[in-house]
Amino acid sequence: MAVIISAMMYAAVAAVCTSCTWMDEVWATYNASKDQEKEPEIPLDEVLSVEELLAGDFAGDTVWVKGLVVGGLLSDGSVDFSCEDDVLGTAVVLADDADCDDEDACMVLHLTKKAHKEALGLDQATVRDKIYHKEIYAQGKVSTHKGFRSLTNLCNYKLE
């Protein structure tokens with residue numbers, strides 16, 4: 001009987017973890033500069049490039065994406081590739097190439113929760129420079145934000 005109950009509990013926990021529901025108190029992520037929690041297991045064979053995400057039909061799916069931070073999104077929906085404006089606190093722009101300056105080759109990592117910004121260190125201007133042109137693995141729900149394909153409801157991430 002204990003084995004059956006254990007199996008049922010494991011299935012319930014697995015269902016919650018894989019559904020990617022945002023829960024502040026159980027968000028288990030890893031920030032290489034802070035060693036907060038244990039590093040997420042990234043299924044490398046399932047990670048999409050930015051190009052693959054843009055080309056595929058993943059709307060509403062929860063996926064892993066790997067990209068480089070190439071800028072931030074301005075309030076008018078355009079991309080600031082220089083990161084000179086204070087744009088990285090809400091929506092980080094990712095691309096496959098660090099030198100990308102083509103908005104059509106970019107996606108947005110939409111940081112919908114204050115905890116997302118704090119976890120990545122984007123709530124402090126001096127830290128923003130540390131993520132520009134850095135590689136990030138992010139898991140979230142595919143959506144759109146200001147006309148860009150985006151990841152929202154960030155579940156896990158790893159900043160390289």
Side-chain angles (χ1 to χ4, degrees), residues 17-18 20-22 24 27-160:
C17 292
T18 58
C20 193
T21 302
W22 173 260
D24 290 334
W27 188 45
T29 64
Y30 174 80
N31 182 325
S33 66
K34 293 185 181 178
D35 274 336
Q36 295 172 337
E37 303 252 347
K38 75 176 215 175
E39 184 173 346
E41 291 185 29
I42 300 171
L44 294 177
D45 57 333
E46 297 176 19
V47 175
L48 301 171
S49 67
V50 172
E51 181 180 12
E52 290 170 326
L53 180 75
L54 295 175
D57 182 19
F58 300 102
D61 293 345
T62 298
V63 300
W64 276 97
V65 175
K66 177 179 119 178
L68 294 158
V69 177
V70 296
L73 201 58
L74 295 167
S75 60
D76 67 1
S78 62
V79 176
D80 176 15
F81 288 104
S82 66
C83 287
E84 290 177 1
D85 293 316
D86 188 19
V87 295
L88 290 178
T90 305
V92 176
V93 177
L94 304 179
D96 289 326
D97 179 9
D99 297 323
C100 180
D101 60 2
D102 178 7
E103 291 184 4
D104 292 332
C106 296
M107 63 163 287
V108 169
L109 180 56
H110 188 203
L111 305 171
T112 56
K113 304 279 186 181
K114 181 179 178 185
H116 295 161
K117 297 173 227 173
E118 290 173 353
L120 286 172
L122 299 180
D123 57 328
Q124 304 167 21
T126 57
V127 178
R128 291 184 187 129
D129 292 336
K130 293 180 181 177
I131 71 157
Y132 186 56
H133 285 159
K134 299 293 185 203
E135 187 173 75
I136 189 168
Y137 289 86
Q139 181 188 32
K141 184 176 180 180
V142 179
S143 185
T144 57
H145 180 67
K146 295 193 179 193
F148 287 90
R149 184 75 55 96
S150 67
L151 277 188
T152 59
N153 298 337
L154 184 65
C155 300
N156 286 300
Y157 74 92
K158 180 180 178 186
L159 186 62
E160 295 279 279

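Below, all heavy atoms of this structure are taken into account, side chains as well, without hydrogens, waters or symmetry copies.
Under the side chain to side chain contact (heavy atoms under 4.5 Å, CB included) rule, Leu109 has a single partner from Val69, Val93, Leu73, Leu154, which is Leu154.
In this structure, Ile42 CD1 and Trp64 CH2 are separated by 4.5 Å, a value rounded to the nearest 0.5 Å. Note that CG of Leu68 is 7.5 Å distant from CG of Asp96, once rounded to the nearest 0.5 Å. Atom NZ of Lys146 sits about 8.5 Å away from atom CG of Leu74, to the nearest 0.5 Å.
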Just list the side-chain donor-acceptor pairs under 3.5 Å for residues 43-56, sequence neighbours left out, or say none.
{"residue": "Ser49", "atom": "OG", "partner": "Glu52", "partner atom": "N", "Å": "3.1"}
{"residue": "Ser49", "atom": "OG", "partner": "Glu52", "partner atom": "OE1", "Å": "3.4"}
{"residue": "Glu52", "atom": "OE1", "partner": "Ser49", "partner atom": "N", "Å": "2.8"}

Without placing hydrogens or testing angles, list every side-chain donor-acceptor pair under 3.5 Å for residues 98-106, not counting sequence neighbours.
{"residue": "Asp102", "atom": "OD1", "partner": "Asp104", "partner atom": "N", "Å": "3.0"}
{"residue": "Glu103", "atom": "OE2", "partner": "Val79", "partner atom": "N", "Å": "3.2"}

For the pair Leu151 and Val63, evaluate side chain to side chain contact (heavy atoms under 4.5 Å, CB included) and give the outcome as yes or no after the intermediate values. CA-CA 8 Å; Leu151 277 188; Val63 300; 3.9 Å; yes
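Minimum interatomic distance between Ser150 and His145 (heavy atoms only, all atoms of both residues): OG-N, 3.6 Å.
In this structure, Thr144 has no side-chain hydrogen bond (donor to acceptor under 3.5 Å, both in side chains) partners at least two apart in sequence or on a different chain.
When side chains are defined from C-beta on, Lys141 counts as touching Thr152, because their heavy atoms get closer than 4.5 Å.
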